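Heads up, the thing below is written out as structure tokens.
None of the values given here were measured: they were computed from a predicted structure. Just so we're on the same page: letters track the sequence lines, and every chain starts at 1.
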Number of protein chains: 2
Amino acid sequence: MAQATQALIGDSEFDRDTAVTLREPGVYDAELSAGWTIIQAVNGGYLLALLGRALGEALPHPDPFTVSAHYLTASQPGPAVIRTEVVRTGRTLSTGQASLFQYGEDGAEVERIRVLATYGDLDALPDEVRTTAQPPAIPPIEHCLGPSDSPTPIPGSSAITERLMIKLDPATIGWALGAPSGKGEMRAWFGLADGRDADPLSLLLTVDALPPTAFEMGLQGWTPTVELTTHIRCRPAPGPLRVSITTRNLAGGFLEEDAEVWDSSNRLVAQSRQLAKTSKG
Amino acid sequence: MAQATQALIGDSEFDRDTAVTLREPGVYDAELSAGWTIIQAVNGGYLLALLGRALGEALPHPDPFTVSAHYLTASQPGPAVIRTEVVRTGRTLSTGQASLFQYGEDGAEVERIRVLATYGDLDALPDEVRTTAQPPAIPPIEHCLGPSDSPTPIPGSSAITERLMIKLDPATIGWALGAPSGKGEMRAWFGLADGRDADPLSLLLTVDALPPTAFEMGLQGWTPTVELTTHIRCRPAPGPLRVSITTRNLAGGFLEEDAEVWDSSNRLVAQSRQLAKTSKG
């Protein structure tokens, strides 16, 4: 809560590392920062935020309402180019497509991720809320645990952990102690380490930032994302977010991860679902 | 249960009405049948099955694993063309894109729906199942109710009802009697009226075939789909399906509809989520 040094939206690590530069109409250069890697891989949510920023530039509406991403090949830190297409523009919603490419050894573009997204204006939505979902029951943040609370490094600690404030519910941290609960659940308080408040773009990062539920189900190894669709439902209020991730159907070497993100005003601000593959799937 | 006249996969109304004809590599002609309309609109799940069939032709893998569809403009019965693109082919998964177009008054193509999809081979998946989700509690099919059980026509009855066997859980049919429960729930037994068994393509129809949960929440009017993503997790066993649809977050003029489809072997064969817009949203 170091208010004096809190980074602002538009002037933060996250904003600098998701910056895109117009090369020509619809085409944006970007630099994938090594600061958002997990083990060797660039975090999928960070990549999604980059694509989301480019589409926000390309489309007439400012905010991602629903973003569907299919992950094709593993991204590496370094230069990238995002090619966007305006598919349809309407009065309240517009739809676009974007692909993120990197460069192969021969200099040819290799596609990493392709997204379809529909944008709108969150501030133009009516105020009516009839949510029956309940915020996740997470203990107070001071009772939750992050990497810095561990006497030994938590498996999977990576560059990205320095940029995130993730405090896991102790009930979902058994995997880090060699005793996974067996339940497909992961819950945490979430923020950006430099204190930047959440916005729709950072929510795209948030939905894919927690350790995979597979860890709590006792699975070894990574669970690469095949597809991730995120609905941004409300502009988040300032303050820490609560994230709950649930897996109910691990079968045939694939699993879904359903994420909910709640803000400090008890609004359900984002819902996402991804299809991921188990290592042996 | 008229076994003697049961239609077969590949030789049924659904198969004939989702047929696609190769025009040139990657481009398929189709005819949107008036038999799958709800009120005036062509059903979104039927359209998804058409796109899914074209992608199954275009991609090296046979089965849709995850299909993300963004709905752009309302489709009408009549001719259409589906243009596909192979985005990536891998050993176990391949990704493609497809758009369905119809023709404007000037003959120009108008895009109706765009999808990104990743395909694989359901029969190649390992048998391990660790699903913690439970099948929906739906009364026996003989206690559930369809359009033909109503003394008066059910509001919204349409051509599609003649092609589907939908028997709604009486607990979620209050809307048809002028007394919606207020809960965002819809549950039903589901099949094709000619007895054709389910397959991955017909599951794409199934996830968007029940009355909208909004009806049970007391909302008037239609709730057009903005985006619909479906995961096909298992080849369905023969016999009737159970479908459960849940809405937990109606806010700002939008709502999500989460569908689960269970087969007669108690396997969770499909999961989907759509973002829909309320009429006044």
Side-chain angles (χ1 to χ4, degrees), chain A residues 65-73 87-88 90 92-93 95 97 99 111 114-118 120 122 124-134 182-184 217 226-227 229 231 233-234 246-256 258 260 267-268 271-275 277-278 280-281, chain B residues 65-73 87-88 90 92-93 95 97 99 111 114-118 120 122 124-134 182-184 217 226-227 229 231 233-234 246-256 258 260 267-268 271-275 277-278 280-281:
Chain A
F65 276 28
T66 168
V67 181
S68 309
H70 287 245
Y71 290 78
L72 307 170
T73 56
V87 176
R88 174 183 174 267
T92 59
L93 296 173
T95 299
Q97 177 175 315
S99 291
E111 191 167 357
R114 188 176 293 206
V115 306
L116 273 177
T118 298
L122 288 171
L125 299 184
D127 290 330
E128 192 189 12
V129 177
R130 289 173 56 185
T131 301
T132 57
Q134 295 292 323
K183 295 180 186 169
M217 302 172 82
V226 176
E227 173 267 323
T229 295
H231 300 173
R233 301 295 302 275
C234 179
T246 309
T247 295
R248 299 163 72 238
N249 188 31
L250 167 62
F254 289 83
L255 67 160
E256 96 286 4
D258 281 5
E260 286 187 359
R267 274 294 298 269
L268 178 49
Q271 293 169 285
S272 77
R273 175 177 289 166
Q274 68 172 264
L275 183 69
K277 197 170 180 296
T278 63
K280 296 180 179 176
Chain B
F65 275 28
T66 168
V67 181
S68 309
H70 288 245
Y71 289 79
L72 307 169
T73 56
V87 176
R88 174 184 174 267
T92 59
L93 297 173
T95 299
Q97 177 174 315
S99 291
E111 190 168 357
R114 188 177 293 207
V115 307
L116 273 178
T118 298
L122 288 171
L125 298 183
D127 289 330
E128 192 188 14
V129 177
R130 288 173 57 186
T131 302
T132 57
Q134 294 292 323
K183 296 180 186 170
M217 302 173 82
V226 177
E227 173 267 322
T229 295
H231 299 173
R233 302 295 301 276
C234 179
T246 309
T247 296
R248 299 164 72 237
N249 188 31
L250 167 62
F254 289 82
L255 68 159
E256 96 286 3
D258 281 6
E260 287 187 359
R267 275 292 300 267
L268 179 48
Q271 293 168 286
S272 77
R273 174 177 290 165
Q274 69 172 264
L275 183 69
K277 196 170 182 298
T278 64
K280 296 181 179 175

Less than 4.5 Å to any heavy atom of chain B: does that hold for the side chain of [X], its backbone, both, or neither?
| X | answer |
| --- | --- |
| A/N249 | both |
| A/L93 | side chain |
| A/T247 | backbone |
| A/S272 | backbone |
| A/A124 | neither |
| A/T229 | side chain |
| A/R114 | both |

Please flag which part of B/E111 lies under 4.5 Å from any non-hydrogen atom of chain A: side chain, backbone, both or neither.
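The answer is the side chain of B/E111.
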Decide yes or no on side chain to side chain contact (heavy atoms under 4.5 Å, CB included) for A/T95 and B/L72, but give the supporting numbers first.
CA-CA 8 Å; A/T95 299; B/L72 307 169; 3.7 Å; yes
Could you grab the distance from atom [atom1] of [X] to atom [atom2] of [Y], nearest 0.5 Å is fine?
| X | Y | atom1 | atom2 | answer |
| --- | --- | --- | --- | --- |
| A/R130 | B/R248 | CZ | CZ | 15.5 Å |
| A/T66 | B/Q274 | OG1 | CD | 10.5 Å |
| A/T131 | B/E256 | OG1 | CD | 8.5 Å |

Would you check if there is a donor-acceptor pair between the side chains of A/H70 and B/Q97 at a distance under 3.5 Å?
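No, A/H70 and B/Q97 have no side-chain donor paired with an acceptor closer than 3.5 Å.
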For A/T73, does its backbone N or O pair with a side-chain atom of B/R88 as donor and acceptor, under 3.5 Å?
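No, B/R88 side chain to A/T73 backbone: no donor-acceptor pair under 3.5 Å.
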Mark yes or no for whether A/R273, through its side chain, and B/H231, through its backbone, hold a donor-acceptor pair below 3.5 Å.
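Between the backbone of B/H231 and the side chain of A/R273 there is no qualifying donor-acceptor contact (under 3.5 Å).
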Smallest separation among heavy atoms of B/S68 and A/S68, with atom names
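Residues B/S68 and A/S68, closest heavy atoms: CB-CB, 3.5 Å.
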Which heavy atom of B/F65 sits nearest to which heavy atom of A/L275, and what is that distance?
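Closest approach of B/F65 to A/L275, heavy atoms only: O-CD2, 4.0 Å.
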Mind ranking A/L255, A/V115, A/D127, A/L122 by heavy-atom pairs under 4.5 Å with chain B and telling me who comes out on top?
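Among A/L255, A/V115, A/D127, A/L122, the one with the most close pairs to chain B is A/L255.
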Which of B/T132, B/L116, B/T118 touches chain A most, by non-hydrogen pairs under 4.5 Å
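Between B/T132, B/L116, B/T118, the count favours B/L116.
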